[in-house]
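The structure under discussion appears below in the form of structure tokens.
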Amino acid sequence: MNEKISLKGQTAVVTGGSRGIGEAVALRLASLGANIAVIYANNDDAANKVCEKCKNDYNVDAKAYRLDVSDFNAVKETVSEIKKDFNTVHILINNAGITRDNLLAMMKEDDFDAVLNTNLKGAFNMIRHTSGMFIRNHGGCIVNISSVAALLGNAGQCNYSASKAGLIGLTKSVARELASKNVRCNAIAPGFIATDMTVDQENNPLLERIPLGRMGSTEDVADAVEYLVSASYVTGEVLKVDGGIAM
Ligand code: NAI
């Protein structure tokens, strides 16, 4: 890559920024100079630690907001709070996500709804309430964290795959709708990334099918976010970060 981009003076909102992929992305964007709003579900200490690291290591402003992204009105309130604290938002990373795996025959209605509400509706809620700022700023960048499960399907994950495939449709529609306002919207489809979410996947036979022969790291996904944030002519794209598993 060429020289590092500078995001100095910009504000990035990272949902699910308290750990795993979201933490790595928040720290990467901070390292490039962006101020960071970390949205998280329940671990106050973890979210505050990420903010402290952003401030101490990269000398940017950072604040944590406890929020359930699936709650339309709560998202509206938190986005207003972020606007008050940071003045505006330039970058939105929709990373918050959950799994509630089960075979179709055993999947409860609540497992389906919870996953769709967090992974898909949560991203819609965030985009819905931040897009006015992007339009007023004549530019913005949205990155939605999907999954290879959206592209390949996965037995035991019909709720998760559907939510992540929905995110790709959302990404392309938003990209088309807001392109004339210079707002870009892209998705990343990670494969197996080593985080708390995949801690029990170490013996998954699918791992042997990864052409690059290893699980990905959270830094691998942060690299892709950095690229998409800097790629001013790329919109509506789905970038796989999967060691080749879905090619
Ligand atoms: P994780 O479980 O380590 O972290 C999830 C984050 O989302 C946490 O910060 C949590 O507080 C937040 N969160 C969950 N529900 C929320 C809600 N309702 N409102 C606000 N925040 C909420 O997950 P990980 O592994 O870091 O994954 C991050 C994203 O990447 C997820 O969307 C996941 O589906 C996706 N992904 C992960 C892969 C992996 O192999 N780890 C592969 C493909 C996609």
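First listed ligand is number 1; within each ligand, the first listed atom is number 1. Values in this document were obtained by computation on a predicted structure and should not be read as measured data.
Here's the thing with T198: none of its N/O atoms is less than 3.5 angstrom from an N/O atom of ligand 1. The shortest N or O to N or O distance between P190 and ligand 1 is not under 3.5 Å. Between Y160 and ligand 1, at least one N/O pair is under 3.5 Å apart. Considering both main-chain and side-chain atoms, Y40 never comes within under 3.5 Å of ligand 1 through any nitrogen or oxygen pair.
Residue pairs meeting the ring pair (Phe, Tyr, Trp, His ring centres under 6.0 Å) criterion with at least one partner in residues 58-86, sequence neighbours excluded, are F72-H129.
Contact annotation: for L67 versus ligand 1, heavy atoms closer than 4.0 Å belong to the backbone alone. Looking at D68 against ligand 1, both its backbone and its side chain come within 4.0 Å, counting heavy atoms. Of all the heavy atoms of T195, the ones lying under 4.0 Å from any atom of ligand 1 belong exclusively to the side chain. Contacts with ligand 1 closer than 4.0 Å are made by side-chain heavy atoms of K164 only, the backbone lying farther away. Of the heavy atoms in V69, both backbone and side-chain atoms come closer than 4.0 Å to ligand 1.
In the hydrophobic cluster analysis, where Ile, Leu, Val, Met, Phe, Trp and Tyr join through side-chain heavy atoms closer than 4.5 angstrom, L170 is grouped apart from I93. A chain of hydrophobic side-chain contacts below 4.5 Å, direct or via other Ile, Leu, Val, Met, Phe, Trp or Tyr residues, connects L120 to F112.
Every atom of ligand 1 with a heavy atom of I98 under 4.0 Å away is listed here by number and element: 14 (C), 15 (N). Heavy-atom proximity to G20, at under 4.0 Å, picks out these atoms of ligand 1: 26 (O). Ligand-side atoms of ligand 1 in range of F192: 40 (O), range being under 4.0 angstrom from any heavy atom.
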message = side-chain hydrogen bond (donor to acceptor under 3.5 Å, both in side chains), that's the test. Do N43 and S18 meet it? Break it down for me.
response = CA-CA 7 Å; N43 190 334; S18 60; over 6 Å; no
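Given atom 7 (O) of ligand 1, the protein heavy atom at minimum distance is G16 CA, 3.4 Å. Nearest protein heavy-atom contact of atom 9 (O) of ligand 1 is S18 OG, 2.8 Å. For atom 2 (O) of ligand 1, the closest non-hydrogen atom on the protein side is R19 NH2, 2.6 Å.
The distance from the CG atom of N117 to the CG atom of D110 is 9.0 Å, given to the nearest 0.5 Å. Annotation: the span from S31 atom OG to E226 atom CD amounts to 6.5 Å, rounded to 0.5 Å. Note that the CG atom of D113 and the CZ atom of R100 stand 9.5 Å from one another [nearest 0.5 Å].
For atom 26 (O) of ligand 1, the nearest non-hydrogen atom from the set V14, N95, I21, V50 comes from I21. In this structure, of S146, G97, A41, the residue bringing a heavy atom nearest to atom 44 (C) of ligand 1 is S146. Ranked by closest heavy atom to atom 38 (C) of ligand 1, the top entry among S147, G191, A114 is G191. With I93, I145, I193 as candidates, the residue nearest to atom 30 (O) of ligand 1 on a non-hydrogen basis is I145.
Within a 6.0 Å radius of CG in L104, no more than 12 heavy atoms belonging to other residues, nucleotides or ligands are found. At most 12 heavy atoms of other shown residues, nucleotides or ligands fall within 6.0 angstrom of atom NZ in K181. Heavy atoms from other residues, nucleotides or ligands lying under 6.0 Å from CD of E177 number 12 at most. More than 12 heavy atoms of other shown residues, nucleotides or ligands fall within 6.0 angstrom of atom CG in N56.
Under the 3.5 Å distance criterion, with hydrogens and angles disregarded, no donor-acceptor pair is assigned to the side chains of T11 and N87.
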